[in-house]
Protein chains: 2
Amino acid sequence: MSNETIKLLLVDDHHMFMDGIYAILKDISHIDIVGTANNGNQALKIAKSSALDLLITDIEMPEMDGIQLSKSIKKTLPNIKVIVVSSHSNVQTIDKLRKLQIDGYLLKNTGKIELLNAINKVYKGEKYFSEEILRVYNQSLFGTNKAEKEKVKLSPRELEVLKCIVQEQNTQEIAESLNISVNTVDTHRKNLMRKIGAKNVVGLTKYAIQQGIIA
Amino acid sequence: MSNETIKLLLVDDHHMFMDGIYAILKDISHIDIVGTANNGNQALKIAKSSALDLLITDIEMPEMDGIQLSKSIKKTLPNIKVIVVSSHSNVQTIDKLRKLQIDGYLLKNTGKIELLNAINKVYKGEKYFSEEILRVYNQSLFGTNKAEKEKVKLSPRELEVLKCIVQEQNTQEIAESLNISVNTVDTHRKNLMRKIGAKNVVGLTKYAIQQGIIA
DNA sequence: TCATACATCACCCAAAAGGGTGATATTGGC
DNA sequence: GCCAATATCACCCTTTTGGGTGATGTATGA
C-alpha cells in the first residue's frame with residue numbers, strides 16, 4: 001500500500017502558492033503530481049480524464065470555488081480523496097465541508113511536515129484536520145451569537161433581499177429591484193434580523209460580509 | 001552587481017506558503033535566505049541583527065502586520081528593500097504601502113518566474129508591482145465612491161461614533177455611551193455619511209469593515 | 001488675526017426602519 | 001393528505017434615520 005504512488009492534483013488560483021506546494025512535493029518519491037488547475041471547472045475536467053487518488057484544493061477561487069468542486073467530486077468521483085486548504089477558518093465553511101465528507105482540511109499556515117502527514121493519512125483512508133480547525137469547530141458548539149450556534153438557514157429570497165440591503169438599497173428600491181411589494185421586503189428584512197439575530201441593518205451587513213455573501 | 005548574493009528574509013505566518021517560497025528560492029544560486037519569521041516583531045529582530053538586502057512579507061499577520069513592519073523597516077533600516085505579498089488587493093492598502101516607499105507588491109497568485117523577476121528588479125533598486133495591483137490602483141483614481149477617490153479624514157470623535165454604529169448601537173445608545181446629546185450623535189452620523197459618501201448606516205458599516213476600523 | 005476644523009447642541013420635517021399580527025397560495029417532504 | 005417552509009401582501013403603530021439649517025465655543029495653524 002505505502003509502496004504505491006499517490007496520484008495528486010493541485011487546485012489553486014494562487015500560482016505562487018501552488019508553485020510552493022509543488023516544490024515541496026516534487027521530491028517526494030511516492031507522490032506524483034499529475035496536474036494543476038486554477039479553478040474548479042478545470043480541476044473537474046482533469047479529474048474525470050485522469051486516474052486520480054487525491055485532490056488538494058483551495059477554497060477561495062474564481063468560477064467554481066473549492067466547496068462546489070468538492071461537492072462535484074464527491075458526487076461523481078467518490079473514490080478521489082479531497083483535502084481542502086484555506087487561509088481562514090470559519091465555522092460555516094468547516095461545517096459545509098464536514099457534511100460533504102471531505103477527507104482533510106488544512107490551514108495555509110501548516111508546515112511541510114504536516115502537509116505530508118495529511119496526504120499520507122488521507123491516502124490511507126483516514127481523515128486529517130488541522131488542530132486550529134478542530135479548535136474552531138469545537139468552540140463553535142458553545143458559540144456566543146445565534147449565527148454561530150444554530151446555523152442560520154436563509155431562503156433564496158431572503159438571500160436576495162440581504163444582498164440588496166448590503167448594496168445600500170432602501171426598502172422601496174429593493175421592492176422595485178425584485179418586483180415585489182414594499183410590505184414583502186419589510187417582512188423579509190424583519191425575518192432576516194430574527195434569523196440572524198441582528199438588531200438592525202448594520203448587523204445584517206456584518207453578517208453578510210462575514211459569510212462572504214457579498215463577495 | 002549581479003554576482004552578489006541577495007540576502008533575504010521571509011515573513012509570513014502561513015508556514016505552508018513560506019515553505020513554498022522557500023522551496024522555490026532555495027535552489028537559486030544568487031539568493032540566500034538568511035531567515036524566516038512568523039510575525040513582524042520577530043522579523044524586526046532578525047533584520048536588526050543580520051545584514052539583510054531584502055525582506056518579503058505578507059500583510060495579514062498576527063501581532064505586527066506587514067504594514068507596520070514595513071513602516072518600521074523603512075524608518076530604522078532604510079537600506080533594506082521590502083516586497084509585500086498578499087492575497088488581496090485593495091486601494092487603501094496599496095496607497096498606504098506606496099506612501100511607505102515600498103519596493104514591490106505582489107499578489108499570491110503570481111508565479112515563480114514573476115517572483116524571481118521581482119526580487120532581481122527590486123534588488124537592483126527598481127520597483128516592482130503586479131499588473132493586478134497597478135490596475136486596481138489606477139482604476140481607483142477614477143473610482144466611483146468618495147471613500148476611494150479622496151482619502152477620508154475622520155475626526156477622533158467621528159471614529160468613536162462610527163465604532164458605536166458598527167456595534168449595532170442606535171443613536172440613543174451612542175449618546176449614552178459617549179455622554180453627549182442625541183442631536184450631536186445625529187450630526188456626527190450625518191457628517192460621517194457625507195464624508196464617506198455612504199447612503200445609510202450600511203455604507204458606514206462596510207466602510208468601517210473595509211478600513212479595519214472595527215478589528 | 002482670520003480661517004478652518006472640531007465638538008457640541010437645537011429644531012423641523014419627511015422617509016425609512018422596526019415590531020407585531022394575520023392572511024393567502026405554493027411547494028416539497030413525510 | 002398533512003405539515004412546514006416559503007413567498008407574498010396588508011395594516012397597525014412607534015422609533016429611528018436621514019436631510020437641511022443654524023448656532024456656539026474651542027483649538028489650531030497659517
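Quick note on labels: first sequence line is chain A, next is B, and so on, each numbered from 1. These numbers come from the heavy atoms of this one structure, side chains and all, not from hydrogens, waters or symmetry mates.
- At the phosphate of dA7(D), neither OP1 nor OP2 sits under 4.0 Å from any side-chain N or O atom of His188(A).
- A salt bridge links Arg157(B) with Glu160(B); the closest basic N to acidic carboxylate O contact falls under 4.0 Å.
- Summarising the geometry, the separation between NZ on Lys199(A) and C1' on dG19(C) is reported as 14 Å, rounded to the nearest angstrom.
- Between Leu9(B) and Val11(B), the closest side-chain pair of non-hydrogen atoms falls below 4.5 Å.
- In this structure, the nucleotide among dG19(D), dA7(C), dT6(D) sitting nearest to the side chain of Ser155(B) is dA7(C).
- OP1 or OP2 of dA10(C) sits under 4.0 Å from a side-chain N or O of Ser181(B).
- For Lys190(A), no side-chain nitrogen or oxygen approaches OP1 or OP2 of dA16(C) to under 4.0 Å.
- Residue Thr171(B) has no polar side-chain atom (N or O) positioned under 4.0 Å from OP1 or OP2 of dT16(D).
- Atom pair Glu173(B):CD and dT15(D):C1' shows a separation of 12 Å (rounding to whole Å applied).
- Residue Asn183(A) is classed as a base contact, given a heavy-atom separation below 4.0 Å to a base.
- Here the nucleotide nearest the side chain of Val201(B), chosen from dG18(D), dC9(D), dC6(C), is dG18(D).
- With a 4.5 Å cut-off on side-chain heavy atoms, Leu25(A) and Leu116(A) count as touching.
- Here the nucleotide nearest the side chain of Thr187(A), chosen from dT17(D), dG18(C), dT8(D), is dT8(D).
- We find that CG of Leu178(A) is positioned 12 Å from C1' of dT8(D), with the value rounded to whole Å.
- Distances were taken from every side-chain heavy atom of Pro156(A) (C-beta onward) to each of dA7(D), dT8(C), dC6(C); the shortest belongs to dA7(D).
- The side chain of Asn200(A) contributes no N or O atom lying less than 4.0 Å from OP1 or OP2 of dA17(C).
- Nearer to the 5' terminus of DNA chain D, by closest-nucleotide assignment, is the contact made by Asp186(A) (compared with the other of Asp186(A) and Arg189(B)).
- If you take CD of Gln172(B) and P of dG18(D), they are 16 Å apart, rounded to a whole angstrom.
- Here the straight-line distance linking atom CD1 of Ile80(A) with atom CD1 of Ile73(A) works out to 4.5 Å at 0.5 Å rounding.
- Computed from coordinates, the Leu192(A) CG to dA5(D) P distance equals 16 Å when rounded to whole Å.
- Looking at Tyr123(A) and Leu8(A), their side chains never come closer than 4.5 Å, going by heavy atoms from C-beta outward.
- Taking the nucleotide of DNA chain C with the nearest heavy atom to each of Ile180(B) and Gln169(A), the more 5' of the two is matched to Ile180(B).
- Taking the side chain of Asn170(A) as heavy atoms from C-beta on, and the options dA17(C), dT17(D), dT8(D), the nearest nucleotide is dA17(C).
- Of the charged side-chain nitrogens involved, none lies within less than 4.0 Å of a carboxylate oxygen, so that Lys7(A) and Asp32(A) do not count as a salt-bridged pair.
- Protein atom CG of Leu159(B) is 17 Å distant from nucleotide atom P of dA5(C), rounded to whole Å.
- In this structure, Arg157(B) places its CZ atom 15 Å from C1' of dT26(D), rounding to the nearest Å.
- Atom CG of Asn191(B) and atom P of dG19(D) are 12 Å apart (whole Å).
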